[in-house]
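Not measured: the values here are computed from a predicted model. So that the names make sense, note that chain A is the first sequence line, chain B the second, and so on, each numbered from 1.
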Amino acid sequence: MQYWLMKSEPDVYGIDDLMAQPDQTDHWDGVRNYQVRNMMRDQMKVGDQAFFYHSNTKVPGIVGIVEIVREAYPDFTAWDPESKYYDPKSDPDKPRWFMVDVRFVRKLRRVIALQELREQPELQDMKVVQKGCRLSITPVTEAQWRHVLGME
DNA sequence: GCCAACGTTGGC
DNA sequence: GCCAACGTTGGC
């Protein structure tokens, strides 16, 4: 089992939006970065767990936990001209972009702010605390996962 | 294949 | 809203 951190802007799609879905499950659409696509497509497995992270907000940080419940399949928003994720270069016969389905597991008892993560010597190597990290999905080691939960 | 220009991300 | 970081695009 692997661990991940998945970023989303709460103004666009926050953890409360996921909780409001039927089965508290939704697809993670809109990934338009090749590195992230490759991780999602090649490495993410059903049963993996991920931190749900709120970015671009007053207090960015980890707010909850989700689980991968469906492995990568084509991101159909790439073919929808009405979607803001529309990509005319994605050929339905050879999909360029992929998404997974995630299910809400729980909220953390409190938000663990990016600032706090940065203060932890044990988390120096965590991708999300590194300068200039713009990937919306990053891997988390088991040690990092446990450490974050210990801060809750 | 280089690289400047441009666009996006996301913390602050 | 600013701007640093960095990915993508496209001319050459």
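Applying a 4.0 Å cut-off to non-hydrogen atoms, none of the residues of residues 113-128 of chain A approaches DNA chain C.
Atom CD1 of residue A:I65 and atom CD of residue A:E152 lie 7.0 Å apart, to the nearest 0.5 angstrom. Between the CG atom in A:D75 and the CZ atom in A:R96 there is a gap of 12.5 Å [rounded to 0.5 Å]. To the nearest 0.5 Å, the span separating CD1 on A:I15 from CZ on A:F52 amounts to 5.5 Å. Taking CZ of A:F51 as the reference point, atom CG of A:L108 lies at 7.0 Å (rounded to 0.5 Å). Note that CE of A:M40 is 5.0 Å distant from CD1 of A:I137, once rounded to the nearest 0.5 Å.
A:R32 and A:T77 share a side-chain donor-acceptor pair at under 3.5 Å.
Distance A:R37 CZ to C:dG7 P: 15 Å, rounded to the nearest Å. Between the C1' atom of C:dC6 and the NZ atom of A:K7 lies a distance of 12 Å, rounded to the nearest Å.
Side chain of A:R118 to main chain of A:V129: a donor-acceptor pair is present (N/O by atom type, distance under 3.5 Å, no hydrogens or angles). Under the 3.5 Å distance criterion, the side-chain polar atoms of A:D48 are matched with a main-chain donor or acceptor of A:Q2. Of the possible donor and acceptor atoms, one in the side chain of A:N33 sits under 3.5 Å from a partner among the backbone N and O of A:Q35.
The heavy-atom pair separating A:V100 from A:R70 by the smallest distance is CB-O, 3.3 Å.
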Interface polar pairs with nucleotides 3-5 of chain C, N/O, under 3.5 angstrom:
unit_1: C:dA5; atom_1: OP1; unit_2: A:K131; atom_2: NZ; d: 3.0

Grab the N/O contacts between the protein and nucleotides 8-10 of chain C below 3.5 Å, and write none if there aren't any.
unit_1: C:dT9; atom_1: OP1; unit_2: A:K89; atom_2: NZ; d: 3.3

